[in-house]
Every structure is written in structure tokens, then in C-alpha cells.
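A note on names: the letters A, B, ... follow the listed sequences, proteins ahead of strands, and every chain is numbered from 1.
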Number of protein chains: 2
Amino acid sequence: MARFTQTSNCVDCNCKSSVFKKLSIPELELMNQNRFEVSFKAGEIMFKQGTPSPHFLCITRGMAKIYIEGLGKNLILGLIKPVEYIFGPGIYVDNRHHYSASAVEDSTACMVDVETYKQLVRKNPDFAEEFIRRFSQQAIINFDQFISLTQKQMHGRIADALIYLSEKVYCCNPFELTISRQDLADLSGMSKESAIRILKEFKEEGILTSEGNFIHVLNRGQLQHISETG
Amino acid sequence: MARFTQTSNCVDCNCKSSVFKKLSIPELELMNQNRFEVSFKAGEIMFKQGTPSPHFLCITRGMAKIYIEGLGKNLILGLIKPVEYIFGPGIYVDNRHHYSASAVEDSTACMVDVETYKQLVRKNPDFAEEFIRRFSQQAIINFDQFISLTQKQMHGRIADALIYLSEKVYCCNPFELTISRQDLADLSGMSKESAIRILKEFKEEGILTSEGNFIHVLNRGQLQHISETG
DNA sequence: AATCGTTGTTGACAAATGTCATTTATCTTT
DNA sequence: AAAGATAAATGACATTTGTCAACAACGATT
């Protein structure tokens with residue numbers, strides 16, 4: 001199970017994440033006092049859809065997936081890496097998590113008290129605006145995902161997922177896919193078998209090479225084209 | 001084209017919409033000074049995806065649809081009626097609209113200056129919290145729509161759309177469908193023909209009756225069941 | 001009433017996609 | 001190294017869904 005540790009300070013995250021840059025030293029200190037660090041092994045659940053959300057979560061090491069648990073299947077909304085924080089929309093509505101989060105790699109995360117956070121949102125308009133801006137960016141990303149998942153065929157959706165993984169998540173090419181094929185399928189809204197098949201087709205067409213979990217995108221333009229034409 | 005009018009006052013909306021209840025009289029007055037009313041005929045576009053968004057919009061009469069323009073198809077996010085306001089996530093990010101809005105019935109709307117609005121969000125923490133709360137509620141609704149559109153089959157999706165229309169939009173049963181079949185399809189992420197076919201099946205199975213654009217849901221439980229089982 | 005354009009409806013068909021069963025690879029544990 | 005568990009890959013098939021073409025209904029205009 002998860003182990004408690006208490007190593008870093010909020011000032012560390014302040015150096016890395018733009019959200020906390022809007023906080024003053026005393027405000028950071030307040031936040032620091034109302035947080036604790038937890039470590040998770042790969043596969044462990046960080047929080048579960050439907051449960052109360054007294055804390056929000058800030059990934060300091062490793063990687064997490066956030067996903068909606070639907071009807072038997074999961075829909076992965078995104079992969080979160082250091083130093084990004086995960087706040088569900090529930091914190092201002094019903095204090096429930098509206099999606100689950102679990103570690104896809106061994107990870108550590110800060111759990112920050114939501115009430116402290118909301119208090120700072122009230123007191124510091126710059127912080128509030130930055131929070132709203134983040135929230136808005138997330139919504140815009142969701143819209144794109146909405147279009148991808150509802151209007152594109154499988155090839156376009158896998159292309160979108162590969163671009164996302166290479167450029168937003170692992171930020172390199174070639175990259176090692178640390179998520180499973182099932183996760184790739186859950187990210188693209190299709191069955192695991194279909195995801196595997198399309199990956200194979202892309203390989204046969206010379207768009208990418210793959211050896212085990214290492215994927216090298218050879219023809220980024222082609223991938224973009226497939227993404228845009230559905 | 002749209003005609004300008006200047007009839008009501010923000011205080012009117014204050015009586016109807018919970019968002020503005022958090023504003024003081026002087027604040028409402030400020031908002032009132034930075035708004036104007038516009039009327040739209042059915043079918044007219046209120047704002048267009050990709051264009052700048054110097055104003056947000058508050059529907060005071062009629063009904064609007066908000067929709068993402070995707071690859072040839074539209075995805076309807078929701079139907080907006082008085083007194084609800086439409087703010088895109090772009091106002092805090094890139095000052096662009098990330099979806100389009102158009103009148104599905106003859107409508108009037110207030111266009112409120114975004115800068116004034118953001119100023120009030122900074123100054124009035126209660127108002128800011130209420131804004132965030134609304135935004136969050138919208139995100140939660142989007143999650144449900146996400147699951148509906150990506151994990152349910154057509155019958156489940158039409159069931160969801162019918163429940164939404166009957167209970168959230170028209171708020172009565174029977175109700176007159178003022179949107180087209182194409183709109184119903186865009187709301188459910190499928191082709192117009194498929195939407196029509198499923199409506200017919202529901203009719204044959206006695207779940208509803210329909211005469212022209214009037215729909216009467218006879219078996220709400222069955223509809224719920226179809227929604228839940230996909 | 002006749003015409004035209006739009007929207008709604010239907011049927012036949014093709015394409016996309018999921019499901020199931022089976023095999024292969026990979027990794028861990030013994 | 002052997003065994004077992006898990007993940008990945010493949011093939012056959014059924015189902016879901018979209019597309020296309022034709023037609024009917026409706027409203028607006030002449």
C-alpha cells in the first residue's frame with residue numbers, strides 16, 4: 001500500500017508549476033502546512049470516482065492516469081506527470097471525485113487540503129484567475145478530445161493518442177510507452193484489439209516502428225494528416 | 001439580421017439566475033452599463049467558433065444551441081434557455097470562442113462585456129466562487145455526455161438525449177421538439193437517419209408516442225433502463 | 001392550385017468496429 | 001530452467017452504424 005513520506009516543500013513545486021507562482025511566501029507556507037506526501041506503486045489507485053475529495057493531488061514523481069469509469073469500460077481523460085495537479089470539478093460542487101486516478105508508474109504525490117486551497121482562491125485574485133485559466137485550458141483540451149472520440153474513426157483517434165503521448169506526455173521520440181495497450185485503447189475509446197491492429201497497420205505503412213513498448217514515430221506529417229481527416 | 005433593443009435591466013436577471021445573486025447593487029449597475037441586448041431569428045448564429053469573444057452571452061428569451069464544429073459534423077453540447085448564460089472557456093485563455101452558438105428559436109440575448117465580468121470575478125470572491133461552481137457543474141455534465149457518447153450504443157444515446165430534452169430543456173412531458181432531427185442526431189453523435197430510426201423503434205415498442213414534433217414519453221423507466229444498459 | 005425547397009422517412013447496402021477464441025510473447029516466481 | 005500468470009497479437013465472425021438513393025411530407029412562395 002501507499003507509504004507516507006515528508007520530504008519536499010511547496011516551494012519546490014513553486015519553482016516548477018505556474019499555478020503556485022501566484023502565491024506569496026506566507027500563502028505557500030499555509031499550503032505547505034496542510035499537505036502530506038504519499039507514494040504509490042504502479043497500478044495503485046490514488047482516488048476513486050464517487051468517493052469524497054477532501055484533498056486534491058499534485059504529482060511529484062512518476063505518472064498517473066485519470067479516467068472516468070463508465071459502463072464496464074474506462075475512458076482515460078489524460079496522463080498526469082510532475083508537476084501537475086489533479087483537481088476534479090467536484091471540489092466546488094458535491095465534494096466527490098468525478099473520475100478516478102491511478103498510478104501508471106511508481107509515483108509520489110502531494111495531497112493538499114481542498115479547504116485551504118479554496119480559501120486561497122478567495123483571498124488571492126491572481127491565484128483564482130490562474131486556477132480558472134487552468135480549468136479553462138482543461139475544458140478546451142476536453143473539447144478536442146470530444147471531437148476526436150465522437151467524430152473520428154479509429155485511425156484518427158489512434159493518431160491523436162500517439163501525438164498526445166509523444167508530444168505532451170513523454171515529450172520525446174522515440175518514446176517508451178509506459179501504459180498498456182488497454183490504456184491506449186481506453187484513451188482512444190475503442191477495444192484493445194482494435195488499438196493493437198491499428199498500431200500494426202501504422203507500422204506496416206512505415207508511419208512508425210515499434211519494438212516492444214518503444215515506439216518511434218517516423219512520419220509525423222502522415223500522422224497529423226490521419227488525425228485531421230478522421 | 002440581429003436587431004438591437006434595450007429593454008430589461010440586469011436586476012431582472014438577478015431575480016432569475018443564481019449567478020448574479022452574488023453581486024451587489026453597484027456591481028449589478030456596473031454590469032448593466034456594459035451590456036446590450038440583441039435579438040436573433042431562429043437559425044441565426046450568435047457567435048462563431050474561432051472568433052474573438054469580447055462578450056459573453058445571456059439568453060433572455062427563446063433558445064440557443066451551443067455546438068462544436070468538428071469534421072463536417074457538429075456536436076451539440078447543450079441547449080440554453082432563459083436565464084442561462086453562455087461563457088466559453090476561451091475567455092480566460094485565448095479570447096476565442098471554442099464552440100459556436102445559434103438560435104434554435106427566435107431569441108433575445110444580453111451581450112455582456114467580458115472584461116467587466118472578469119473584473120467582478122477578481123473583486124468579489126462570492127461571485128468568483130459561484131462562477132467556478134457553475135463552470136464545474138458544466139464540466140461534470142460534460143463528463144456524463146462523454147460517457148454517453150463514447151461508451152453507449154445508439155439506443156442508449158437517444159434515450160439520454162430524450163431524458164435531457166424532456167427533463168432539462170423543455171421541462172414537460174409531452175413536449176414539443178423545437179430542434180430538428182439533425183440537431184437530435186448532433187446531440188447524440190450519430191447520423192440523422194439513425195436517430196430517426198431509433199425514434200421509430202421506441203415508438204413501436206410503446207416507449208413514446210410522437211405526432212410531428214410532439215413527443216410524449218410513456219415509459220420513463222424503460223428509457224432510463226436503456227440509458228443505463230447502453 | 002402549382003412549384004420549389006427543405007426536412008423527415010425508409011430501405012438496401014457497405015464499412016467500421018466489437019467480441020470471442022486462440023495463440024504467442026513477456027515477465028515473475030519458483 | 002520450468003511453470004505460471006499476465007499482456008499482446010491474431011483471425012474469424014457478428015453486430016453496429018453510416019452512406020447513398022429514393023421517396024414522402026410539409027411549408028413557403030408564386
Side-chain angles (χ1 to χ4, degrees), chain A residues 41-44 65 70-76 102 104-106 148-161 176-204 208-215 226 229-230, chain B residues 41-44 65 70-76 102 104-106 148-161 176-204 208-215 226 229-230:
Chain A
K41 292 208 198 94
E44 286 182 339
K65 64 175 175 184
L71 301 85
K73 291 180 272 190
N74 293 334
L75 175 66
I76 295 183
S102 72
V104 294
E105 304 170 5
D106 290 350
S148 177
L149 293 179
T150 60
Q151 303 198 339
K152 293 183 187 180
Q153 300 192 168
M154 295 195 298
H155 294 255
R157 304 209 298 271
I158 288 288
D160 284 338
E176 184 189 2
L177 200 65
T178 56
I179 62 173
S180 68
R181 304 301 151 115
Q182 182 65 61
D183 284 338
L184 178 63
D186 288 343
L187 192 57
S188 320
M190 66 185 70
S191 70
K192 180 186 50 177
E193 291 91 334
S194 292
I196 290 169
R197 261 184 270 269
I198 289 164
L199 226 42
K200 186 188 170 194
E201 285 183 46
F202 283 179
K203 193 175 177 179
E204 286 167 355
L208 52 81
T209 60
S210 72
E211 298 241 349
N213 286 328
F214 286 88
I215 290 180
I226 292 169
T229 57
Chain B
K41 293 207 199 93
E44 288 182 338
K65 64 175 176 184
L71 300 86
K73 292 179 271 190
N74 294 333
L75 176 66
I76 296 182
S102 71
V104 293
E105 304 170 4
D106 291 348
S148 178
L149 292 179
T150 60
Q151 302 198 340
K152 294 183 186 180
Q153 301 193 166
M154 295 196 298
H155 294 255
R157 305 208 297 270
I158 288 288
D160 284 338
E176 185 189 0
L177 201 65
T178 56
I179 63 174
S180 68
R181 304 300 150 114
Q182 182 64 61
D183 284 337
L184 178 63
D186 289 343
L187 192 57
S188 320
M190 66 186 68
S191 70
K192 178 187 51 175
E193 291 93 334
S194 292
I196 290 169
R197 260 185 270 268
I198 289 164
L199 226 42
K200 186 188 170 194
E201 285 183 46
F202 283 179
K203 194 175 175 178
E204 286 167 356
L208 52 82
T209 60
S210 72
E211 298 241 351
N213 286 327
F214 287 88
I215 290 179
I226 293 170
T229 56

Could you tell me how far apart B:K192 (NZ) and C:dT9 (C1') are, to the nearest whole angstrom? 9 Å
Considering just the side-chain nitrogens and oxygens of A:S191, establish if one lies under 4.0 Å of OP1 or OP2 belonging to C:dT17. no
B:T229 versus B:H155: any side-chain heavy-atom pair under 4.5 Å? no
Using side-chain heavy atoms (C-beta onward) and a distance below 4.5 Å, is B:I76 in contact with B:I179? no
Can you confirm whether B:R197 sits close enough to B:K200 that some side-chain heavy atom of one is under 4.5 Å from a side-chain heavy atom of the other? no
When rounded to whole Å, the NZ to C1' distance for the pair A:K203 and D:dA8 reads 12 Å
Given A:I158 and A:M190, is the side-chain contact (heavy atoms from CB on, under 4.5 Å) satisfied, shown in steps? CA-CA 9 Å; A:I158 288 288; A:M190 66 185 70; 3.7 Å; yes
Residues of residues 179-186 of chain A with any non-hydrogen atom less than 4.0 angstrom from an atom of DNA chain D: list those, numerically ordered, please. A:S180, A:R181
Rounded (10°) bend between the five-pair end axes of the helix from C:dA1-D:dT30 to C:dT30-D:dA1: 30°
Roughly, in whole Å, what's the span from CD in A:E193 to P in C:dA16? 19 Å
Grab the CD-P distance between A:Q151 and C:dA16 for me, whole Å please. 17 Å
A:Q153 has an atom CD; how far is it from atom C1' of D:dG18, in whole Å? 9 Å
Close side-chain approach of A:K203 to A:L199, heavy-atom, < 4.5 Å: no
Does CD belonging to B:E211 count more than 12 external heavy atoms closer than 6.0 Å? no
Indicate whether OP1 or OP2 belonging to C:dT9 is found under 4.0 Å from a side-chain N or O atom of B:K200. no
Figure out the CG/C1' separation between A:L149 and C:dA16, and round it to whole Å. 16 Å
Reported NZ-to-CZ distance for the pair B:K192 and B:R181, which is rounded to 0.5 angstrom: 11.5 Å
Under 6.0 Å from the CD atom of A:E176, do we count more than 12 heavy atoms belonging to anything else shown? yes
